[in-house]
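Before I ask anything, let me first share the structure, which is written out below as C-alpha cells.
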Amino acid sequence: ETVTTARQAADIIGIGFEKVSVSAAALARPALINEMAQEIGRQSVVVTIDVKSSSLLMGGGHRIVTHNAKTKSPRKVLDFLAQAEQLGAGEFVINSVDRDGMMAGYDLDLAAKIRGATTLPLTFLGGAGTVDHMAALIDRVGTVGAAAGSMFVFKGTYRAVLISYEKPYNI
C-alpha cells in the first residue's frame with residue numbers, strides 16, 4: 001500500500017519499522033515529507049526517486065519518473081532533492097531506471113551529481129553486476145549505500161536463476 005499520510009507512516013513505525021519510504025506521493029504532494037518528519041522524525045523519512053536519462057531532444061540530463069517509469073515528472077532531480085531535504089527528508093534512495101537489471105555498473109555521473117547536492121545519507125541502485133561496480137560507486141562518490149539485486153539472483157553465462165522448493169510437510 002502506498003503511504004500518503006503522516007498517520008500511515010506513524011502506524012508503520014509503531015509496528016517496529018525504523019524507516020518509511022515515499023516516492024510518487026511525495027512528488028505529488030511535497031508537504032507530505034514535512035508532515036512525516038514532524039510525526040515520525042526526519043531520520044525515519046526516506047524519499048525514493050526513480051531517475052531516467054532524458055534524450056538530447058528533451059534537453060538531456062535526467063528526469064524523475066514514477067509508476068514504473070510510465071509517468072514523467074516535470075520536476076528536476078536536484079531541485080526536488082533540495083526541496084525534499086528542506087522539508088525534512090532524512091535519507092534518499094536513487095534508482096537509475098536505465099541501469100536497473102542491466103548489471104553493467106551504476107550511473108556514476110548521476111551519483112556524483114546527487115552526492116554533490118546533498119549531505120544526507122544516500123543509497124543508489126540500478127546497475128550493480130559485480131563487487132567492482134559497488135567499489136567504483138563508493139570510491140567515486142564517497143560513503144553511500146550500494147544496492148544490488150540482479151547481481152545476487154542471476155548467475156552464469158545464461159543469467160540462470162536456480163529456484164528450489166522444499167517438499168511440503170505432511171501435516
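In this text, all values refer to a predicted model and were calculated from it rather than measured experimentally. Atoms considered below: every heavy atom in the structure, side chains included; atoms not considered: hydrogens, waters and symmetry mates.
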Note, V65 side chain near V51 side chain (heavy atom, < 4.5 Å):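 Counting from C-beta outward, V65 and V51 never come under 4.5 Å.
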Check against side-chain contact (heavy atoms from CB on, under 4.5 Å), L122 and V93: CA-CA 6 Å; L122 290 169; V93 174; over 6 Å; no
Which atom of A89 lies closest to which atom of V47, heavy atoms considered: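 Shortest heavy-atom contact: CB-CG2, 3.7 Å.
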V77/R63 under side-chain contact (heavy atoms from CB on, under 4.5 Å): CA gap, chis, key distance, verdict: CA-CA 6 Å; V77 174; R63 307 285 281 182; 6.0 Å; no
All side chain to side chain donor-acceptor pair (under 3.5 Å) counterparts of T48, not counting sequence neighbours: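 Listed in chain order: S21.
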Heavy-atom closest pair, residues V3 and L32: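 Heavy-atom minimum between the residues: O-CD2, 3.9 Å.
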Intermediate values then yes/no, side-chain contact (heavy atoms from CB on, under 4.5 Å), T123 and V144: CA-CA 6 Å; T123 298; V144 296; over 6 Å; no
Reported CG-to-CZ distance for the pair N34 and R42, which is rounded to 0.5 angstrom: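 That separation rounds to 9.5 Å.
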Side-chain touch I49/N95, heavy atoms, less than 4.5 angstrom: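 A side-chain contact under 4.5 Å is absent here.
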For A147 against L125, the heavy-atom pair lying closest together: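 Residues A147 and L125, closest heavy atoms: CB-CB, 3.6 Å.
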Expected output: side-chain R99 to main-chain G105 donor-acceptor under 3.5 Å: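 At least one qualifying donor-acceptor pair exists.
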Residue among I114, I94, D107 satisfying side chain to side chain contact (heavy atoms under 4.5 Å, CB included) with H62: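 Result for side chain to side chain contact (heavy atoms under 4.5 Å, CB included) with H62: D107.
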With sequence neighbours excluded, residues passing salt bridge (Lys or Arg N to Asp or Glu O under 4.0 Å) with D11: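 Counting only residues at least two positions away or on another chain, D11 forms a salt bridge (Lys or Arg N to Asp or Glu O under 4.0 Å) with R7.
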Single-linkage hydrophobic cluster, 4.5 Å side-chain cutoff, F17 and V46 together: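 As far as the 4.5 Å side-chain criterion goes, V46 and F17 are not connected within one cluster.
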Residue pair P30 / L87: nearest heavy atoms and the distance that separates them: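 Closest heavy-atom pair between P30 and L87: O-CD1, 3.3 Å.
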Point-to-point distance, once rounded to the nearest 0.5 Å, from CZ of F124 to CE of M134: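 Going from the CZ atom of F124 to the CE atom of M134 covers 13.0 Å.
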For D98, salt bridge (Lys or Arg N to Asp or Glu O under 4.0 Å) partners two or more places apart: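 Counting only residues at least two positions away or on another chain, D98 forms a salt bridge (Lys or Arg N to Asp or Glu O under 4.0 Å) with K52.
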Step-by-step side-chain contact (heavy atoms from CB on, under 4.5 Å) determination, I64 to F80: CA-CA 9 Å; I64 298 173; F80 179 69; 3.8 Å; yes
Salt bridge (Lys or Arg N to Asp or Glu O under 4.0 Å) partners of residues 13-33, not counting sequence neighbours, each pair once: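 Of all non-adjacent pairs touching residues 13-33, those that pass salt bridge (Lys or Arg N to Asp or Glu O under 4.0 Å) are K19-E91, R29-E35.
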Separation of Y106 OH from I138 CD1 (nearest 0.5 Å):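 Here the rounded value is 7.5 Å.
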Nearest-0.5 Å distance, NZ of residue K70 to CG of residue D50: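 Output value for this atom pair is 12.0 Å.
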Distance in Å, H67 NE2 paired with S73 OG, rounded so as to fall on 0.5 Å steps: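 Interatomic distance, H67 NE2 to S73 OG, rounded to 0.5 Å: 11.0 Å.
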Beyond-backbone contact of V45 with I33, side-chain heavy atoms, under 4.5 angstrom: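 With C-beta onward as the side chain, the pair touches.
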Shortest non-hydrogen contact from E39 toward A6: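 So the two residues come closest at CG-O, 3.7 Å.
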Any pair counted as side-chain hydrogen bond (donor to acceptor under 3.5 Å, both in side chains), so long as it reaches residues 76-90, sequence neighbours left out: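 Qualifying pairs, neighbours excluded: R75-Q83, E85-T118.
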Shortest non-hydrogen contact between V141 and A112, atoms and distance: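 Between these two residues, the closest heavy atoms are CG2-N, 3.9 Å.
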Sequence-distant partners of D109, side chain to side chain donor-acceptor pair (under 3.5 Å), two or more places apart: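 Side chain to side chain donor-acceptor pair (under 3.5 Å) check on D109 returns R140.
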Between OG on residue S96 and CG on residue L110, distance to nearest 0.5 Å: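 Between atom OG of S96 and atom CG of L110 there are 6.0 Å.
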